[in-house]
Amino acid sequence: MSEACPTVGRTTPRGQSHRCWRRCACGLLVAGIWSWATFSHNSPMAGYRRAVAAIDRADINTSTLDQMQYELLYLGNGVDVEPQRGLLRAKLLIAENRYMAALEQLSIAESTDETRVRALVLAGEALYRDGRFREAGAAWVRATQLDPQNVNAYRWLGVAYYELGTVDAAMHYLQEVAKLVPTDPRPHRVMGVIWRDLDEFHNSAEAYRESLERDSTSSLSDEVRFEYAQVLSSSQEHAKALEAIRQLPSTADVLALRATCLYGLGQLDEAARLLDQVIEEQPEHFPALVSRTKIALERSEHDLATKLSRRAGELKPKSPETLNLLIATYLREGNREKAKQCEQELLDVSNRLDAYHDLVSRASADPSDDDLRFRAGTLAAELGMKEAATWWLRAAVFLDPNNEAARRALDRLSDGRNLWQSLQ
């Protein structure tokens with residue numbers, strides 16, 4: 001499974017808040033309130049409403065955090081605005097990764113109807129980033145019960161269940177977001193990824209198509225088009241896939257996919273030319289190696305097929321695609337012993353893949369079992385499926401931060417630690 005999921009905010013380094021306070025104080029003394037000309041005609045509560053509007057839009061960056069600091073100063077210290085102050089303080093504390101302090105402020109913000117729902121959504125965010133998924137989920141569900149139109153609560157629930165690989169729940173909440181925000185392309189993109197990982201290519205293509213119809217001009221639209229073309233190619237709709245990537249920049253990935261589609265349409269010469277170009281530039285481009293080996297076998301280019309299949313085998317020795325290519329290559333060479341060894345290895349890999357998919361199926365239906373996710377991640381790592389292994393091990397740690405075996409396994413993956421820290 002891949003991370004191609006929607007985000008709802010960004011963090012700033014620890015200490016950012018204090019620097020912002022100093023900048024604001026300096027502005028008050030030296031420049032006579034830097035934003036006064038813009039905001040002095042408004043009430044403090046108007047400034048507060050601007051700040052919470054940024055929170056509602058998930059429009060949180062350094063600039064908006066700076067302004068939130070200003071609005072917090074401008075709001076004053078009255079008891080009557082303490083819940084509102086608690087809400088803004090909490091968002092700033094979450095941006096500093098100070099989750100317990102944020103939750104203390106949110107307990108104040110939950111005391112009034114005006115701030116209660118937003119406080120629950122932010123409490124869920126703080127709990128989630130602190131690795132307390134069950135409590136986070138309960139906060140978001142409570143927010144949707146109080147406000148069935150709260151997009152951010154549904155979005156967080158969709159993201160969280162997607163991270164845990166709980167497919168049905170993730171789909172449900174993503175569909176709620178899509179209904180509430182008809183212009184948002186992100187929910188359908190994530191649905192496309194989920195369907196793709198389940199090998200439901202038709203449903204995946206429909207989801208990607210809907211995402212592009214909602215927004216075909218954003219900075220991510222090229223990535224969505226590429227993913228859309230991938231699932232079209234996987235379902236043998238090669239002509240549609242070629243059309244989807246027709247105007248994309250000619251990166252190695254795009255050229256390899258274009259060649260795969262041309263190969264599927266029987267245009268071997270042009271496909272081989274493009275793949276040779278990709279492999280010359282990136283000798284370890286696995287999809288290009290696989291497709292070029294298939295063409296070499298069809299053309300009886302035995303030496304080339306042997307060289308490319310062995311290179312693919314070095315990159316992904318447990319891949320069924322690699323093993324099938326090696327079997328075909330060895331049989332063409334008349335090396336039946338090597339072919340038989342690969343056939344036995346392919347059988348072992350197939351059995352372990354079946355076991356992996358069984359674990360994934362069970363984990364997808366159970367949002368609370370960290371052991372299923374740990375076992376799925378461990379098996380994926382053994383099969384060389386690094387991305388999937390990271391995904392499931394991270395989910396296991398999410399559900400049980402004290403699962404030391406999952407933490408150690410995650411740390412053994414080269415990017416595991418960074419992925420875990422990104423969720424803190």
Side-chain angles (χ1 to χ4, degrees), residues 6-11 17 39 41-61 64-96 98-130 132-161 169 172-184 187:
T7 57
V8 287
R10 282 186 270 177
T11 60
S17 173
F39 300 116
H41 63 284
N42 293 327
S43 69
M45 288 306 294
Y48 161 75
R49 284 191 288 273
R50 283 191 292 272
V52 295
I55 294 174
D56 291 345
R57 294 192 307 270
D59 181 17
I60 303 300
N61 52 44
T64 53
L65 288 171
D66 282 354
Q67 172 137 355
M68 204 172 292
Q69 290 278 17
Y70 170 78
E71 302 297 1
L72 185 57
L73 283 171
Y74 191 36
L75 195 56
N77 295 309
V79 174
D80 57 328
V81 294
E82 192 58 23
Q84 288 80 6
R85 287 177 58 80
L87 197 69
L88 298 189
R89 283 197 205 103
K91 187 58 186 178
L92 292 165
L93 288 166
I94 290 172
E96 290 185 326
R98 296 170 61 191
Y99 306 120
M100 292 305 297
L103 291 168
E104 290 175 8
Q105 293 297 320
L106 290 168
S107 67
I108 300 170
E110 284 185 46
S111 64
T112 65
D113 291 342
E114 195 275 327
T115 54
R116 183 170 295 120
V117 172
R118 289 189 179 94
L120 285 166
V121 175
L122 287 182
E125 179 182 353
L127 290 163
Y128 182 72
R129 294 188 184 281
D130 199 37
R132 297 155 65 182
F133 168 75
R134 292 181 180 85
E135 296 168 82
W140 292 322
V141 168
R142 177 64 176 150
T144 63
Q145 291 169 342
L146 293 173
D147 178 11
Q149 305 296 310
N150 193 287
V151 174
N152 282 338
Y154 286 118
R155 195 188 305 281
W156 269 114
L157 283 163
V159 168
Y161 279 108
H172 169 73
Y173 291 118
L174 289 167
Q175 286 164 353
E176 289 297 322
V177 175
K179 287 180 200 172
L180 291 169
V181 192
T183 58
D184 190 347

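In this text the structure is predicted, and so the values were computed from the model without any measurement. One is the number of the first residue; the rest follow in order along the sequence.
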Hey, do the aromatic rings of Y173 and W140 have their centres closer than 6.0 Å?
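Ring-ring flag for Y173/W140: false, centres at least 6.0 Å apart.
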Applying side-chain contact (heavy atoms from CB on, under 4.5 Å) to E82 and R89, what does each step give before you reach the verdict?
CA-CA 10 Å; E82 192 58 23; R89 283 197 205 103; 3.1 Å; yes
How far does [atom1] of [X] sit from [atom2] of [Y], to the nearest 0.5 angstrom?
X: Y128; Y: L157; atom1: OH; atom2: CG; value: 10.5 Å
X: R85; Y: I108; atom1: CZ; atom2: CD1; value: 10.0 Å
X: I94; Y: R129; atom1: CD1; atom2: CZ; value: 8.0 Å
X: E114; Y: Q84; atom1: CD; atom2: CD; value: 5.0 Å

Search all heavy atoms of [X] against all heavy atoms of [Y] and return the closest pair with its distance.
X: S111; Y: P83; value: OG-CG, 3.9 Å
X: L180; Y: P148; value: CD1-O, 4.2 Å
X: G86; Y: A109; value: C-CB, 4.4 Å
X: T144; Y: A153; value: CG2-CB, 3.6 Å

Using the test side chain to side chain contact (heavy atoms under 4.5 Å, CB included), find all partners of R142 that sit at least two apart in sequence or belong to another chain.
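Applying side chain to side chain contact (heavy atoms under 4.5 Å, CB included) to R142 gives L120, Q145, L146.
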List the residues meeting side chain to side chain contact (heavy atoms under 4.5 Å, CB included) with L127, not counting sequence neighbours, and say none if there are none.
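If we apply the side chain to side chain contact (heavy atoms under 4.5 Å, CB included) test to L127, skipping adjacent residues, the hits are L103, R132, E135, A136.
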Partner of Q105 under side-chain contact (heavy atoms from CB on, under 4.5 Å), chosen from L92, L88, L122, L93:
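Exactly one option meets the side-chain contact (heavy atoms from CB on, under 4.5 Å) with Q105, and it is L93.
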Is any side-chain N of the basic residue among R98 and E104 closer than 4.0 Å to the acidic one's carboxylate O?
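Looking at E104 together with R98, the answer is no, because their closest N to O distance does not fall below 4.0 Å.
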Could you tell me whether the side chain of D184 reaches within less than 4.5 Å of the side chain of R155, counting heavy atoms only?
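Of all side-chain heavy-atom pairs linking D184 with R155, at least one is under 4.5 Å.
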